Protein chains: 2
Amino acid sequence: MPRFPALSSASNSLQPAVFTRLLPLMRSLPEPALPLHIGDTWLKPPAAAMLDRVASGRELYPYSSPAGDVGLRSSFCQRWTDLGLQGLDVDRVHVTPGATGAVQAAIRTFAGAGDDVMLLAPFWPLVRGITLSCGANPVQVPFYDRLRAGADVTASLEGALTDQTTTVYLCSPNNPDGTVLTAAQQLEVAQFCQRHDLWLISDEAYCDHAFAPHKHRFIANLPGMAERTASIYTASKSYALAGIRIGFLAGDPGWLERARRVSTHQIYNLPLICQRAAKAAIDEGDAWLAEARDKYAAAADHVHRHLEATFHPAQGGGYVFCDVSAELNGKPTLTWLAELLHEGVSIAPGVAFGAHYDQWVRVCYMSLPVPELAVAIERLNRSLNRLRSGGELVYDGPRLELDLGGS
Amino acid sequence: MPRFPALSSASNSLQPAVFTRLLPLMRSLPEPALPLHIGDTWLKPPAAAMLDRVASGRELYPYSSPAGDVGLRSSFCQRWTDLGLQGLDVDRVHVTPGATGAVQAAIRTFAGAGDDVMLLAPFWPLVRGITLSCGANPVQVPFYDRLRAGADVTASLEGALTDQTTTVYLCSPNNPDGTVLTAAQQLEVAQFCQRHDLWLISDEAYCDHAFAPHKHRFIANLPGMAERTASIYTASKSYALAGIRIGFLAGDPGWLERARRVSTHQIYNLPLICQRAAKAAIDEGDAWLAEARDKYAAAADHVHRHLEATFHPAQGGGYVFCDVSAELNGKPTLTWLAELLHEGVSIAPGVAFGAHYDQWVRVCYMSLPVPELAVAIERLNRSLNRLRSGGELVYDGPRLELDLGGS
């Protein structure tokens, strides 16, 4: 019973989000760095989804349904049904504050104190803190980069299983490394979950951004998976609407009803104006989305051809994830990132995506049009080449702190 | 280690919000009941805060600060400083999804598994589920109605203290019963918290709605309280903006920084458009607010003079809380509420506000203009008078279920 001034163990386990901690250093720069660190897009949202189009009506001001607007849920069901998810209906959907809120509600529903959650790594940074905030233990499993290097899916998963594992967190197309699981790989994940009675959280935030010939498939469609899979989506990445904070949690009503209660006790309901913008994007955004995907694919292609670093090409998503251990040769990654900021480009430190990735960095290709992206990549190449030819880090300004906390 | 299909104990402890469960029955009515059950207002928000006034700009679409827009935080600081809170600045404020998000972040920061949280009752319904969702134990302490009947503050609090108590949840002006603590009562609460090293969560959602001569005072101003008090506010009740979901959590940066992390891992950031509407309301809403307070005071006065039930007059807030045990005389409250719905008026069941209040009901006076409110009160009086003169409940439609779950 630790009282004032002691704090709860859940709150003590958390650190600020990685991008929050980059901010003070970024603000201190003489001129802004080209932003390749965060997953924001340079594109303007679909015209139909602009907030000024949906900003009138008295119904925007009282409380609305904690489950989410039924019209929005219905549009989402139609779209994911069109994309191939089977058996979806409005009672199997809960609207959340972005994918963040959906992952939060799902993990809190499936895991608590003493439970292990397998985070297939490299992973979306917030998922680790979310797991800790639920009192559960994040088990980091090097996965996507190992698969790309030929590792076996089942062996990777079985090797990380514990007696306490209740839940697996999967993301495909993956943030940060752009891996799109094949049908065969997906089946192995599904069979692993069934063999060990595990819940699966399938983060499909980037489902609209798989590049041909790679293809997004719904893992919940596989036999025996519908009842144990939490499928997660967001308007943020598909429609350039990160700022309106609308996401979706979909799955069996048996557990989804519990997740609704978790969410209701965190936020009550979401602003109706934001739900309307998301609905307009889903209803009228197909052509916009096709164009956006082409633009991102062209940007990815530019990075694949020009970035002089060690990475697997993105099969989808919005990023490449680079192993810079050879270039850094023991030099501290965070000092290099601070130096890069002063050279006019910001990228994200790999350690935020998993403890095994301390010598990696994530580069976003959605955040700038290709001409500016090209400038940023040139700056990055110049620094990498200098390091490769034996150059030292010269930066001696304020340090970038990145204690990720927790266990 | 309960795996699929077992769920976490946190999610198992929760039930849907009380108003969510009234909805199916309300929707089945031949015509809508006059709504005195939920704390929505009939007033339109201040003109400056209408969403169509703040809906343009590219900056609405990317991520924004997880701490909240600094302009909004600054406006809030100015306003609460003007109202008398000492020592406030933007680093002592975190913007949350309504008061719900603020209470959630505060309880999760101060309490976890094995901790007791004292809920001074009758209390805002969601706080009990929020406490359970944090793994902590809600200790319900009959309080406000007992004080109004002459009970001693310190004795009431000391009698409910356990070795596991870490936190006290206080609300003044109180939802549901309109009690505004006196300066002397507030001092006793503060001294109790200091004597036992407790955190205090001070829910001040109704701070703008105390009716003269009653006066809202900031408990955080009392000696020794600034560092242990989480002061909570929302745009919902002051400015008729419940639908935009903007609240505030204020206090010492030492713990507030932890609460920010909790919040960031639940929602990341809040929609900037909603934060702008809240800022406009705070900056330009003074005249609107003065008028709204007069209207609510007139509505409260109508209820005080005409509602034929046992209650303490509201000193502020938006509700009266009635003891209907004499009228019900053992009849089930929920059956009566269902019968009332069919007679055209909806009110909230007391049990949602605390286990000791099974034979009580909450009546909102903010939700209708006085002429319609008068019709609703007449309907309520007619039913109460029928019960008092020995009438039985005649309703035999669908039952209202209200298992509140948890311990």
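Chain letters run A, B, ... following the sequence lines, proteins first and then strands; every chain starts at 1. The basis for the numbers below is simple: all heavy atoms, side chains too, and nothing from hydrogens, waters or symmetry mates. From a predicted model like this one, the values you see are computed outputs, not experimental measurements.
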**Asked** Sub-3.5 Å donor-acceptor pair from the side chain of B:Lys237 to the main-chain atoms of B:Asp40, do we have one?
**Response** no
**Prompt:** Where on B:Thr109 is there a heavy atom nearer than 4.5 Å to chain A: the side chain, the backbone, both, or neither?
**Reply:** both
**Item:** Residue selection (most heavy-atom pairs with chain B, distance under 4.5 Å) from A:Ser133, A:Gly112, A:Pro45
**Value:** A:Pro45
**Flag, side chain of A:Gln275 to backbone of A:Asp69, donor-acceptor distance under 3.5 Å** = yes
**Message:** Quick check on A:Arg228 against chain B: is it the side chain, the backbone, both or neither that has a heavy atom closer than 4.5 Å?
**Reply:** both
**Request:** Sort A:Ser236 into side chain, backbone, both or neither according to what part of it lies under 4.5 angstrom from a heavy atom of chain B.
**Result:** side chain
**Asked** Side chain, backbone, both or neither: which part of A:Leu272 has a non-hydrogen atom closer than 4.5 Å to chain B?
**Response** backbone
**Request:** Using a 4.5 Å cut-off on heavy atoms from C-beta on, say whether the side chain of B:Val103 contacts that of B:Ile232.
**Result:** yes
**Prompt:** Can you say whether B:Ala113 sits under 4.5 Å from chain A via the side chain, the backbone, both, or neither, judging by heavy atoms?
**Reply:** neither
**Message:** With a 4.5 angstrom heavy-atom cut-off, is it the side chain or the backbone of A:Ala105 that approaches chain B, or both, or neither?
**Reply:** neither
**Asked** So which part of A:Leu270 gets closer than 4.5 Å to some heavy atom of chain B, the side chain, the backbone, both or neither?
**Response** backbone
**Fill in**
Of B:Ser263, B:Cys193, B:Ala49, B:Pro5, the largest count of non-hydrogen pairs under 4.5 angstrom with chain A goes to B:Pro5
**Prompt:** Side chain, backbone, both or neither: which part of B:Ala6 has an atom under 4.5 Å from a heavy atom of chain A?
**Reply:** backbone
**Request:** Tell me, please, which residues at least two apart from B:Arg261 pass salt bridge (Lys or Arg N to Asp or Glu O under 4.0 Å).
**Result:** B:Glu257
**Message:** Donor-acceptor check, side chain of B:Thr229 to backbone of B:Ala226, threshold 3.5 angstrom: yes or no?
**Reply:** no
**Request:** Heavy-atom distances under 4.5 Å only: say whether B:Leu200 touches chain A with side chain, backbone, both or neither.
**Result:** neither
**Asked** Which residue out of B:Phe110, B:Tyr268, B:Trp255 racks up the most heavy-atom pairs below 4.5 Å with chain A?
**Response** B:Tyr268
**Sidechain-backbone polar pair: B:Ser11 side chain, B:Ser8 backbone, donor-acceptor under 3.5 Å** = yes
**Request:** Could you tell me which residues satisfy salt bridge (Lys or Arg N to Asp or Glu O under 4.0 Å) with A:Arg195, sequence neighbours excluded, listed by chain and number?
**Result:** A:Glu158
**Request:** Please check if the side chain of A:Thr41 supplies one atom and the backbone of A:Ala240 the other of a donor-acceptor pair under 3.5 Å.
**Result:** no
**Asked** Does a donor on one side chain sit under 3.5 Å from an acceptor on the other, for A:Thr165 and A:His196?
**Response** no
**Request:** Give the member of A:Ile107, A:Val54, A:Ile130 that has the highest number of heavy-atom pairs under 4.5 Å with chain B.
**Result:** A:Ile130
**Complete:** By residue number, those in residues 59-66 of chain B with heavy atoms under 4.5 Å from heavy atoms of chain A are B:Leu60, B:Tyr61, B:Pro62, B:Tyr63, B:Pro66
**Asked** What do the steps show when you test A:Ile201 against A:Val127 for side-chain contact (heavy atoms from CB on, under 4.5 Å), and what is the final call?
**Response** CA-CA 11 Å; A:Ile201 297 174; A:Val127 72; over 6 Å; no
**Prompt:** Can you tell me if B:Ser56 and A:Asp52 form a side-chain donor-acceptor pair at under 3.5 Å?
**Reply:** no
**Message:** Quick check on the interface: out of B:Arg58, B:Met50, B:His265, who has the most heavy-atom pairs with chain A under 4.5 Å?
**Reply:** B:His265
**Asked** Has the side chain of A:Thr96 got a donor or acceptor atom that lies under 3.5 Å from a matching backbone atom of A:Gly247?
**Response** yes
**Request:** Please examine the side chains of A:Thr100 and B:Ile267, heavy atoms only from C-beta on, and report whether any two atoms are closer than 4.5 Å.
**Result:** no
**Prompt:** Which bit of A:Thr264 comes within less than 4.5 Å of chain B, counting heavy atoms only: side chain, backbone, both or neither?
**Reply:** both
**Residue, of B:Lys44, B:Arg258, B:Arg245, that accumulates the most heavy atom pairs under 4.5 Å with chain A** = B:Arg245
**Request:** Mind checking side-chain hydrogen bond (donor to acceptor under 3.5 Å, both in side chains) for B:Ser367 and listing every partner two or more places apart, or none if nothing turns up?
**Result:** none
